[in-house]
Amino acid sequence: MSFSEKNKAMTELLYQLADDDFIHAHRGSEWLGLAPHIEEDVAFSSINQDTMGHAAMYYKLLEDLGEGKADDLSHRRKPEQYRNAIILEERNGSGEYLESPQYDWAFTVIRHFFYDVSKKIRLESLKQSSYEPLSEAARKILTEQYYHLMHWEVWFKQLMTSTAKARKKMEAAIFKVWDDFGGVLTLGPYGDEMVKAGLIEDEEVLKTRFTERMQKYFQSVDFKLVTEPQMKRGDGRAGVHTPDLEHALSTLSEVYVSDAEAAGW
Amino acid sequence: MIEQLTFDVLNDEQKYQHFMERINRGEKIEADDWMPDDYRQALIRLISMHGISEIMGALPEKEWVPKAPTLNRKLAIMAKVQDEMGHGQLLLRVAEDLMKPLGKNRDNIMQDLFSKRLKFHNVFHMPSPTWGDAAVIAWLVDGAAILSQTMMLDTSYGPYGRALKRICQEESFHAKHGESLVLSLAEGTDKQKQMLQEAVNRWWDALLMFFGPKSKNETGHSNVDKNIKYKLRTKTNEQLRQEFLTKYVPKMKLIGLDIPDKTIRFDEDKQEWIYKEPDWNEFKKIVSGNGPKTNERLHLRQSSYEQNEWVREALGHISSAAVG
Amino acid sequence: MKKDHHESDAFYEEFEVFSKKKDGSPIQHQFSLLAPNEEMALIMAKENFFRREPAVDIWVVKRSNIRKLAQSEKEALKKLDKPYRETKGYADLNRRWRAFKEKGKDEWLKGEKEA
Ligand SMILES: [Fe+2]
Ligand SMILES: [Fe+2]
């Protein structure tokens, strides 16, 4: 494997990790002030901050590899250059977040829960990464993952076993997220190179761990799902995205790109 | 029998006397202690307004969370707005414990908010169109809030004092955060400086209004006197406003900002700031629930509360099922 | 809109939150929160009260499980001084030790002279 092949695999993986956390944290933070319960609002925000912090760590690794400034990487790329999974860019619900947002808490619980289950599995694998700064980062990030997972597990189990109305909303959210969750589990077009370079384990291995773990959670709440997670709307790892990403990015970078001369903010 | 043991047999007048003696000795009143209705009502009004102002105040700032220019700014403003929600949580808990004997809970507070029975700091519910507004809110709006909260730290009501202590500790981070945002713009390009100045122009009157009128002459009613009698607060509105001007006007000038009041000056003889009074008629309108963005933000809060009703219902159902 | 008050009350249960700052320190009361049950109370307690402060342990206790004192009981806690069970009741010890030391010195000097 040549140096440039390995480098490409490495940066592609880091963009996936960074962009996943970046956009996921953004969607979470849009709930600020609107969560179903004030105590939850505060708790949820911590998780989003942690996740945004993880994105910042990955962007810094990219900066160290000569990809450009972390702030430019997160705020100045075009949508098709982003490598996050499509399900993570999806809006929290219909409506603008400043005017009458129709946010769906069931969708948020499911998306966050599934994401944190898969994130933990991915991080466990990255701990053994051949790229030392990445395995170091994975170790650090894992320390915060325990309570994130616990948070969403509690929400998942309780809403799944409460009222019929809640169960219905939760099941609808599971099906919706499942249809595109394959996009989180895939390593994209450079997956084989990543594995060859010893950066992370094989996609299929990680996927199996994920589905086995999920089956246990499903069983615990008396729910069955026999299909594999799909990637119905395409592979974000290959730069395929929806208008939701473009929309989010224009908000996220509005101020940063508004003054080309500005040296600092 | 020792006198202290007989508290229960005191009549209301004796209880009131006993209560005022405790307050005047500097003792702290706790949630389950006997307190005059008047005191309870004053506390509920003050603390629920304070708590709801924190929660509603998170909404204009939240608009800037995703737009914050850099990764670091995004993180910091998220933490800051989260703290404000957290302040709301602390304060509502204090208010709820006071309302409990009246058969009310958080749901009632929310309903009172939506029907505008419950007032909050509407003066801050203005449009915040640029990042300059985010900086001014973080520096000056928080700065004003810090002064009034610090003043109440020694309040006679124990639970409020404890909440304020936590809040003020976090506010010291907010103050630094605000300074950092403002300094970055003040050090920046002409465009950035202008953005900052325009935001100051937009917020100046609201900042002066925040402390409330000098005396009840300006608006017709005021709870300041009662709050001072019960040792809930120690300074008047005007004292706080003067403190604010002393603390911030020199700093604003230092970084090249124009104060949007050509007449403002410090009178050395009187040792006080002379300034142009904001329009108190406008204030009356705003306080009664008609701030420029009040309805919009109330609607945001209300619709999200109602859309999530099913969540509270579902989890309330588990608990009541488990008990019953 | 009609509200089921029973369920809204059941969602808004009061929990008291306690924590231990570091190894070796005592458990201390922090604040209270509303949550529908213990599990929820716990995941919320952590982020509501320990965003900055360190904690090595966190407890949540349903408030209705706490037996508190009524005001008359609290007032009755004030009690007369019991100097015999506190160090300040033994303030005379130093003076008495000193007397023995003085006397010892005299005895010793006396012995010197006699020798
Ligand atoms: Fe605050
Ligand atoms: Fe603040």
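Every chain is numbered from 1, with letters handed out A, B, ... down the list of sequences.
When A:Ser46, A:Ala25, A:Ala55 are compared by the number of non-hydrogen pairs under 4.5 Å with chain B, A:Ser46 comes out ahead. Between chain A and the options B:Leu75, B:Thr130, B:Leu183, the largest number of non-hydrogen pairs under 4.5 Å is found for B:Leu75. Ranked by heavy-atom pairs under 4.5 Å with chain B, the first of A:Ser253, A:Ala106, A:Ala263 is A:Ala106. Most heavy-atom pairs under 4.5 Å with chain B, from the set A:Gly93, A:Ala262, A:Gly264, A:Ser258: that is A:Ala262. For the set B:Arg93, B:Met85, B:Gln192, the entry with the most heavy-atom pairs within less than 4.5 Å of chain A is B:Gln192. Between chain B and the options A:Glu261, A:Gln102, A:His37, A:His75, heavy-atom pairs under 4.5 Å are most frequent for A:His75. When each of B:His299, B:Glu296, B:Lys74, B:Arg301 is scored by its heavy-atom pairs under 4.5 Å with chain A, the top score falls to B:Lys74. Chosen from B:Arg73, B:Arg106, B:Glu61, the residue pairing most often with chain A at heavy-atom distances under 4.5 Å is B:Arg106.
A:Ser45 places no side-chain N or O within donor-acceptor distance of the main-chain N or O of A:Asp41, the cut-off being under 3.5 Å. Judged purely by atom type and a 3.5 angstrom limit, A:Asp104 uses its side chain to pair as donor or acceptor with the backbone of A:Phe107. Side-chain atoms of B:Lys62 never come within 3.5 Å of backbone atoms of A:Leu34 as a donor-acceptor pair (strictly under, hydrogens ignored).
Residues A:Phe22 and A:Tyr58 place their aromatic rings such that the two centres sit no closer than 6.0 Å. A centroid separation of 6.0 Å or more is found between the aromatic rings of B:Trp310 and A:Trp105. Aromatic ring centres of A:Tyr256 and B:Trp131 lie farther apart than the 6.0 Å criterion allows.
Shown here is B:Asn201, whose CG atom has more than 12 heavy atoms of other residues, nucleotides or ligands within 6.0 Å. The number of heavy atoms from other shown groups lying within 6.0 Å of NZ (B:Lys251) is above 12. Around atom OH of A:Tyr146, no more than 12 heavy atoms belonging to other residues, nucleotides or ligands sit under 6.0 Å away.
When heavy atoms are compared at a cutoff of 4.5 Å, A:Asp259 approaches chain B by way of both its backbone and its side chain. Looking at B:Ile55, the atoms closer than 4.5 Å to chain A (heavy atoms on both sides) all sit in the side chain, from C-beta outward. Within the 4.5 angstrom heavy-atom criterion, only side-chain atoms of B:Met110, from C-beta onward, approach chain A. Proximity to chain A involves both the backbone and the side chain of B:Ala79, based on heavy atoms less than 4.5 angstrom apart. Contacts between B:Leu92 and chain A at a heavy-atom distance below 4.5 Å involve the side chain alone, from C-beta outward. At a 4.5 Å heavy-atom cutoff, the contact between A:Tyr59 and chain B is made by side-chain atoms alone. Heavy-atom distances place no part of B:Arg297 under 4.5 Å from chain A, backbone and side chain included. For a residue to count as touching a neighbouring chain, one of its non-hydrogen atoms must lie under 4.5 Å from one of that chain's; by this rule B:Ala135 does not touch chain A. At a 4.5 Å heavy-atom cutoff, the contact between B:Gln307 and chain A is made by side-chain atoms alone. Neither the backbone nor the side chain of A:Asp72 comes within less than 4.5 Å of any heavy atom of chain B. Both the backbone and the side chain of A:Gln49 come within contact range of chain B, each with at least one heavy atom under 4.5 Å from a heavy atom of that chain.
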TODO: Run the numbers on A:Phe113 and A:Trp155 for ring pair (Phe, Tyr, Trp, His ring centres under 6.0 Å), then give the verdict.
DONE: CA-CA 9 Å; A:Phe113 179 48; A:Trp155 271 107; over 10 Å; no

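A:Glu90 has a carboxylate O that lies under 4.0 Å from a charged side-chain N of A:Lys176, or vice versa, which qualifies the two as a salt bridge. Comment: A:Glu171 engages A:Arg167 in a salt bridge, judged by a side-chain N to carboxylate O separation of less than 4.0 angstrom.
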